Each structure stands twice: as structure tokens, then as C-alpha cells.
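Below is one structure; the comments refer to it alone.
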Amino acid sequence: MEEATQTPLKTNEHAEGQSASRIRETRIQKLNALKELNIEPYPYKFEKTADNQTLQERYQELPAGEETTDVVRVAGRIMAMRNNGLFIDLQDTTGKIQVFCHKENLNEEYLKLLKLFDIGDMIGATGTIRRTPRGELSVKSTAIEMLSKSLLPLPEKFHGLTDKEIRYRQRYLDLIMNEDTRKTLRNRSLIVSAIRKYFLDKGFLEVETPMLQTIAGGAAARPFITHHNALDLEMYMRIAPELYLKRLIVGGLSEKVFELNRNFRNEGISFKHNPEFTMLEAYQAYADYHDMMDLVEDLISTVAQDVLGTQQITYQGQELNLARPWKRLTMIDAVRQEAGLDFDAIESNKQAFEAAKNIGLEPEAAWGWGKILEYVFEERVEPKMIQPVHIIDYPKETSPLAKVHRNDPRLVERFETRIYGWEVSNAFSELSNPLDQRARFEAQLEAREAGDDEAHQLDEDYVHALEYGMPPTGGLGIGIDRLIMLLTDSPSIRDVIAFPTMRPR
RNA sequence: GCGUCCAUAGCUCAGCUGGUAGAGCACUCCCCUUUUAAGGGAUAGGUCCUGCGUUCGAAUCGCAGUGGACGCACCA
């Protein structure tokens, strides 16, 4: 750097006000002091030879008070200093190790540098491995280096950073301070990788379809609207990739395709909802929804085993058994068992309405048989579906992209997997009949005109594609963020997204 | 959108029925070279979220606003 000037502290997320400003100015003065020692506070490179966790494991058996001649070069962030810099807690991405800075081992220059170290600085240290008489594995340093001078104070060392707003808004600070956050977000990456590997191993082709769409189809949700300047065209951020993936099945790009990427829905934010979230969708030609059930079970139990090493997990104190096989229950049976209503015996919309009223629910007069069945399920059954279960055979009227049930015209071949009461997957035998698909879309248009602004739009080109012929196809969607919440025991979706959507400050 | 709760030093938090604010950690200086939430001593650090009101007097009480957390609703 040219000259360390004492620029006034501008608006700063974490550290503002007089106290933080003074700390920052003091540290900038230390930059000048470093310059006088001909030390670059922001150097280019450091040859690191070992990770802290690796060293902790390698020297696990080294007794207290023992010293080796093994020389290592470690690097990381200073998290604590004791005895005037004699002991430094150095944290790298793998763990911590103590750096021992004794004046017998460090020359005058290093001792001057040591005085300019602050908690939060990134430093490197060279030295031999020893374990102190108190049992702490340490690098007895013969050389120390500044790798990046920190200008801002870290949160308090014992309580750490607990303020949820700061943790989400300044995730970098949360990551520095909280091992749990590091672990959760690393596990997220491992889970996503394991899912991807699972599908690739099964012969699925990973594809990418448009996130900017002129018709936001494939789900019922309000989209984000944007504008393409050169085309002077209103466009939507996708709410689902479904209709494009099925176009690829029509085209025969592969009999098995999947996409694992972001969807955007312009809806409310809650512990289970973020406006942008990660969705897996997979389609397999010549398969039906029974095959998709096998796939969901095998995928999730395999990923849990691979990443967590177990299929018995605990979410917020609730034990969940992910081992196969998972229970399968039709929606009508589930409602019969848990709510005491037999929709097989209910024929008219009016009967369904009265039946729901009789058990204390308040259906709307305009709803039909299927909508009321689903409503009763959601109100009375869903919260009880704690252990993994596939709820099978949804009513036709709420599922415009699923094929009619082969044995019951009121239903479609659709299931949702429930774990902890949450919808974890949603899958169908995909509707391949173009004439039926057009009729379903037209019914959605009527619903849209009746005020349902989340009803599907009619995608003419998609129906056109179906008219060329789509093979029988099983399709599957899994909300990846919620699955990660379950697998990492995270209470909020914001805990599993590195930078969750926040109102700007 | 509705309800409940919250907002005080960089961080974690006290602050009682109204009398212009405290602690620990961090920072600065001094002591201390085998500590690990190190220790001892001395400083410094505040628009008590914002505005209006009540009052002789507001961090404290009231109203409004802003931001946040949680719950409900919405999200097939």
C-alpha cells in the first residue's frame, strides 16, 4: 500500500460509532508501523505446509511436554492472544492450533512484528511441533508473518456472535465466529454433491434450462418479473424448470435428465421459504410414479448414509428413520385413518363440503370434491406425517400436469413425500396426452380468470411439444433447502443458505 | 397481512416504581514469558433505533415510524 492514511470510518455494517472507529484508526496506525519495519501487511503468497486439524490428528499421541523436530508452516486467523502474545490461538478452515511465540525463538524483528498483531489478523507461522506441559499442541515459532492486517474488531470471544440479523447479513463474520455455521454450510455442499453423484451414477444427464422465461410455468406461484431491454420484452424468473425438462424428454436428449439449480418465487418469507431456493427436478422416460417413489427413498437414504454416515437422524429433537422401505399411503386412506372421513363414499361436491364441516373445518363453498379432500388432508393429516411417508394419489383438480390415475378418474398418479410433516418431494406419472393437457391448462385459465393469480398459464409451445409425443415419463421434484434443513438439523432455511434474502438496510 | 416480543459501547448483556447510563470481553497504556474465557493495574469508549408527546425531568411512560425475532396466515 502507498500510504496508510487515517480515513474516517464510513458507514459500516458491523463496526460503527466512536469505539469501533478508534479501534480501526489504531490498526491503520499499525499499518504505518509495519511499513517502517519494511513489512507488507497484505502480501501475495504463503507456502502453507499443514492444516491445523491434520496436525491435531497426526500428533494426537504426542505426550504433554514432548517436543519434535518436525517443522511446519501454518496459517490462519488470530482468534485469541494470551500472555502478551506468548500464546496465539490460530484458526484455519480446518481447526485451531496454538502458536507459541517465545523470545528465545524469535529475533528482534519478529518480536516487533508480534507487538503489531491483533485479534482477527491473518498470519503465518513457521516452527516445530510440540505439546506444552498443559497439553496444548503448539507450533513453537521461529518465524511469524503478517498475511493480512484486520482493521475491525471481532465479536466477543466467549459468547461469540449471536445476533441473528448480523449473522445473516454479514455471513463472513458468522463463519469466522461460529463453527456450527461452517459445518452446516459445508454439509450443504457435501449433500448437493452427493445428490449430483447419485443421479450421474444412475445414468441421468444433468442439464440446464432457462431461468429467464416468457411464461412462468411448471408450478403454481407468483413469479418475479423482469425486462429484457434489447427485445423490449417482459420476462419472468422461473418458478420451476419442469416444462423445459419435459421438452428435453420429448426430444430424446436423454431418457433420464435432471436439473439441480435455483427457482424463484415471489411469495412470503418464512423459516421454510426463501424467495430463491434450490430445486432438484428429475425425469425418467418409460417410468411411472411408483418408480419415482423408489428413486426418492433410495436417493435420500443413500445421501444421508454418504454424508452423515447414518440413516437415523434427529431434527429439532424428533428422531427420524430414513431407512428403507418408506410407508406408502393413499391420500384417501390417510384421510380415512386420521380424519375419519371416507372420500371413496363421498360422491358430490356438496357431500364433501358437509363432511368437512361436520369435523369442524371450514371449506369454501366454491371448492370441489378434490380440493376439499386435499384441504382435509392438510388440516388433519399432514402434521402427523412425521416419519417418511409417500402420500399417493392426489385429486385431479389440483394437479394439472399429472396423468389421470389408471384406476380412478377422480385422481391423478401423483405423490408427495412427507418427512416431519413437510413436503420433501412432489412427483407424478407425467401427463403426456396433449389433448388432456390442453384441457387442464384451460381449466387453469378459468381459475385464473376467477381470481386465482397462481393458476398455471397456458404454455402453447409446451402443448405443441407434447403433440409430437412424449413417452410415458416419471417426474420428480425435491426442495433441496428443506432436505438440507432436515439433514443438518437446522431450524430455519436461512441457516442453510449462505446469503439468505434480507431487506436492505 | 395479523399477533406477541425485541432494539442500551465493536460484541455479550445489566439498568427496579421516571432523576442525563454500567459490567465482562475487545481497544489503548503499564506489569507479567507456559497460558488457554490467562491474570493484575490504569484509561478511553454512548444520538440508550428515529420522531412526536406526557413530565420540572424520559434509556425507562404513551403514540407513531423503522428494523429484527418468533408464531399465525399466505406459499396447491
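Proteins get letters first, then strands, A, B, ... in listed order; numbering begins at 1 in each. Given the structure is predicted, the values throughout are model-derived calculations rather than measurements.
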Heavy atoms under 4.0 Å, any strand shown: does [X] hit a base, just sugar-phosphate, or nothing?
X	result
T398(A)	base
G160(A)	sugar-phosphate
E378(A)	sugar-phosphate
T26(A)	sugar-phosphate
D163(A)	sugar-phosphate
Y394(A)	nothing
E136(A)	base
R503(A)	sugar-phosphate
K140(A)	nothing

Short N-O contact, [X] and [Y], less than 4.0 angstrom:
X	Y	result
R58(A)	D70(A)	no
E382(A)	R418(A)	yes
R182(A)	E179(A)	yes
K246(A)	E242(A)	yes
D174(A)	R171(A)	yes
D393(A)	R328(A)	no

[atom1] atoms of [N] and [M], separation to the nearest Å:
N	M	atom1	value
U4(B)	A76(B)	P	29 Å
A42(B)	U34(B)	P	24 Å
U60(B)	A9(B)	P	15 Å
U66(B)	G51(B)	P	15 Å
G41(B)	C56(B)	P	46 Å
C11(B)	C27(B)	P	15 Å
G46(B)	A7(B)	C1'	15 Å
A58(B)	U43(B)	C1'	30 Å

Picking from [options], which would you name as closest to the side chain of [X]?
X	options	value
R130(A)	C32(B), U34(B), C13(B)	U34(B)
E156(A)	G24(B), G67(B), U34(B)	G24(B)
E165(A)	A76(B), U34(B), G68(B)	G68(B)
I23(A)	A76(B), A26(B), G24(B)	A26(B)
P153(A)	A76(B), G10(B), U33(B)	G10(B)
R414(A)	U34(B), A76(B), A26(B)	A76(B)
K157(A)	A26(B), U33(B), G10(B)	A26(B)
F100(A)	G68(B), U34(B), G10(B)	U34(B)
A80(A)	A38(B), U34(B), U12(B)	A38(B)

Check the distance between [N]'s [atom2] and [X]'s [atom1] and give it to me in whole angstrom.
X	N	atom1	atom2	answer
F158(A)	U36(B)	CZ	C1'	13 Å
I119(A)	C25(B)	CD1	P	12 Å
K272(A)	C72(B)	NZ	C1'	13 Å
L161(A)	U12(B)	CG	C1'	10 Å
R82(A)	A26(B)	CZ	P	11 Å
F117(A)	U28(B)	CZ	C1'	19 Å
I166(A)	A7(B)	CD1	C1'	11 Å
F428(A)	A76(B)	CZ	P	12 Å

Next on the checklist: For a quick test of reading the model, state the closest non-hydrogen atom pair linking D118(A) to D121(A) and the distance between them.
Outcome noted: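 Minimum heavy-atom separation between D118(A) and D121(A): N-OD2, 2.8 Å.
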
Next on the checklist: Between T162(A) and U12(B), is there a contact of a side-chain N or O with OP1 or OP2 at under 4.0 Å?
Outcome noted: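 So the side chain of T162(A) is within the cut-off, an N or O lying under 4.0 Å from OP1 or OP2 of U12(B).
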
Item to check | N or O in side chain of R169(A) less than 4.0 angstrom from G67(B) OP1/OP2 | outcome: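 No.
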
Next on the checklist: Counting only heavy atoms not in E108(A) (residues, nucleotides, ligands), do more than 12 fall under 6.0 Å from its CD?
Outcome noted: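 At most 12 heavy atoms, drawn from other residues, nucleotides or ligands, come within 6.0 Å of this atom.
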
Residue matched to [N] through Watson-Crick or wobble contacts both under 3.5 angstrom:
N	value
C32(B)	none
G46(B)	none
U54(B)	none
U12(B)	A23(B)
U60(B)	none
C5(B)	G68(B)

Checklist entry - Given that I269(A) and A220(A) both sit by RNA chain B, which one's nearest nucleotide is further toward the 5' end? => result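 Between the two, 5'-proximity favours I269(A).
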
Item to check | Toward the 5' end of RNA chain B, by each residue's nearest nucleotide, R494(A) or E379(A) | outcome: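 It is R494(A) whose nearest nucleotide is closer to the 5' end.
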
Item to check | F100(A)/F87(A) aromatic ring centres below 6.0 Å | outcome: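 Here the rings of F87(A) and F100(A) have centres that are less than 6.0 Å from each other.
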
Item to check | Assigned glycosidic conformation for U36(B) [threshold 90° from 0] | outcome: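 The base of U36(B) is oriented anti (glycosidic angle more than 90° from 0).
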
